[in-house]
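Read the structure below first, then the notes.
Note that ligands are numbered from 1 as they come in the structure, with each ligand's atoms numbered from 1 the same way.
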Amino acid sequence: MPNTPDDLARLLAGADHAICLTGAGMSTESGIPDFRGKDGVWQKVNPMEVANMQTFLTDPRRFWEFHRPRIDMLSGVEPNPAHVAIAEMQRRGVLKTLVTQNIDRLHSKAGASDVVEVHGSLSRGQCLQCRTMITLEELVVKADSADDGVPRCNDCDFPLKSGVVMFGENLPVAEITAAYDAAERADAILVVGSSLQVAPVSELPAVVQGRGGKLAILTEGDTPYDATADVRLRGKAGVQLTETVTALDALLN
Ligand code: APR
């Protein structure tokens, strides 16, 4: 029997330093498909064909054929009640650091603070050869004006990509370090909308549990941590988290 928002509120209110880890399930209610859920992107296309560094380096046209439409899809979306609820929990001091695997920047748009983007973000791009930075806007103009749809660096003509981390690409060291530092300080972690399938981020709950901390999971699908979670909710994040904020206000006031 799944837990309730009241159970989650009690766990969070009883923690001294709770952090949050989110995944693509946070943004499906904003219209962005997740990856491994029932209508997930990876149910339709093989990530190893379109979202890994090998493809980017050997077949940048194929890479950009997949990524260019996603930029438009990700640019026109707004935060949903789940994002708002997480920001409200931070405002109440109930949640501290927010580690997100999402690159859509919807947490920041919803007013969240201390957001750690461990899989990069769409906000910029960089030439991997000469490290020239480029804005997303410039990247899109270049992609749309290139015959093969591949934006190239002004300085060295190398194919460009956005700041979204690909499979096989090094993760941003500062962000991964910040995420693990946050887990080392936490006595509770709330996971929302992640299948917890992708390391090293999927190890964060184990870091908190290893220190005797508590684990709460709110994800429609299964995760490898379900059997050891202290609180396990299912259902839509927007509804469950909004009800959790209401329950927190009743507990804290
Ligand atoms: N409310 C709650 N849970 C939801 C909702 C929702 N509205 N929508 C989807 N989910 C659940 C799905 O059932 C699934 O269990 O969220 C989970 C999303 O899991 P994934 O699609 O695997 O997303 P994520 O865990 O973020 O993937 C991690 O994999 O492909 C890479 O880099 C990509 O950052 C991504 C990483």
Ligand 1 atoms nearer than 4.0 angstrom to some heavy atom of Gly23 are 26 (O)
Heavy-atom proximity to atom 28 (C) of ligand 1 ranks first, among Glu220, Gln101, Gln43, for Gln101
query = Does the N or O separation between Val198 and ligand 1 drop below 3.5 Å for any pair?
reply = no
Exercise for the section: Step by step, work out the side chain to side chain donor-acceptor pair (under 3.5 Å) result for Thr223 and Asp226. Expected result: CA-CA 6 Å; Thr223 82; Asp226 289 348; 2.7 Å; yes
for atom 9 (C) of ligand 1, nearest protein heavy atom and its distance come out as Asp34 OD2, 3.2 Å
Closest to atom 6 (C) of ligand 1 among protein heavy atoms sits Gly25 O, 3.3 Å
Salt bridge (charged side-chain N to carboxylate O under 4.0 Å, His left out), that's the test. Do Arg62 and Asp148 meet it? Break it down for me. CA-CA 9 Å; Arg62 176 76 184 94; Asp148 60 357; over 6 Å; no
For atom 19 (O) of ligand 1, the closest protein heavy atom turns out to be Ser195 N, 3.3 Å
Derivation and outcome, salt bridge (charged side-chain N to carboxylate O under 4.0 Å, His left out), residues Asp104 and Lys109 = CA-CA 9 Å; Asp104 53 37; Lys109 261 187 173 178; over 6 Å; no
Listing, residues 111-120 side-chain donor-acceptor contacts under 3.5 Å, not counting sequence neighbours, or none:
unit_1	atom_1	unit_2	atom_2	d
Asp114	OD2	Thr97	OG1	2.6

Worksheet entry | Chi angles and distances behind the salt bridge (charged side-chain N to carboxylate O under 4.0 Å, His left out) call for Asp230, Arg10 | CA-CA 11 Å; Asp230 299 279; Arg10 273 192 292 276; over 6 Å; no
query: Measuring from the heavy atoms of Gly40, does anything fall under 4.0 Å of ligand 1?
result: no
request  = Classify the angle between the aromatic ring planes of His67 and Trp64 as parallel (below 30°), tilted (30 to 60°) or perpendicular (above 60°).
outcome  = perpendicular
Heavy-atom donor-acceptor pair, Ser27 side chain to Ser30 backbone, under 3.5 Å:
no
Ligand 1 atoms nearer than 4.0 angstrom to some heavy atom of Gly235 are 1 (N), 2 (C)
Atom 35 (C) of ligand 1 sits nearest the protein heavy atom Phe35 CE1, 3.7 Å
Review point. Any heavy atom of Gln197 sitting closer than 4.0 Å to ligand 1?
Key: no
Min over Gly120, Ala24, Gly193, Gly221 of heavy-atom distance to atom 18 (C) of ligand 1 lands on Gly193
Atom 7 (N) of ligand 1: closest protein heavy atom, distance to 0.1 Å, is Glu29 OE2, 2.8 Å
Check: Asp222 N/O within less than 3.5 Å of ligand 1 N/O: no
closest protein heavy atom to atom 32 (O) of ligand 1 is His119 ND1, 3.4 Å
Would you confirm whether Lys214, through its side chain, and Ala188, through its main-chain N or O, come within 3.5 Å as a donor-acceptor pair?
-> no
Checking heavy atoms under 4.0 Å, the part of Thr219 that sits near ligand 1 is both
Is there a polar contact between ligand 1 and Phe167, counting only N or O atoms under 3.5 Å apart?
no
Besides Trp42, the hydrophobic cluster formed by Ile, Leu, Val, Met, Phe, Trp and Tyr side chains linked at under 4.5 Å, directly or via other members, contains Phe35, Val41, Val45, Met48, Val50, Phe66, Phe167
Counting heavy atoms under 4.0 Å, the part of Lys236 that contacts ligand 1 is both
One finds that the ligand 1 atoms under 4.0 Å from a non-hydrogen atom of Thr28 are 5 (C), 6 (C), 7 (N), 8 (N), 9 (C)
Numbered in order shown, the ligand 1 atoms found under 4.0 Å of a heavy atom of Trp42 are 30 (O)
(Q) Taking the basic N atoms (NZ, or NE/NH1/NH2) and the acidic carboxylate oxygens, is any pair closer than 4.0 Å for Arg185 and Asp181? (A) no
Ligand 1 contacted by Ser202 (non-hydrogen, < 4.0 Å)
no
message = Treating Asn3 as the side-chain partner and Arg232 as the backbone partner, does any N or O pair qualify as donor plus acceptor under 3.5 Å?
response = yes
Is the closest side-chain donor-acceptor distance between Asp7 and Thr4 under 3.5 Å?
yes
(message) What I want to know is whether Asn102 and ligand 1 share at least one N or O pair that is separated by under 3.5 angstrom.
(response) no
Do Thr55 and Asn52 meet the criterion of a side-chain donor-acceptor pair at a distance under 3.5 Å?
yes
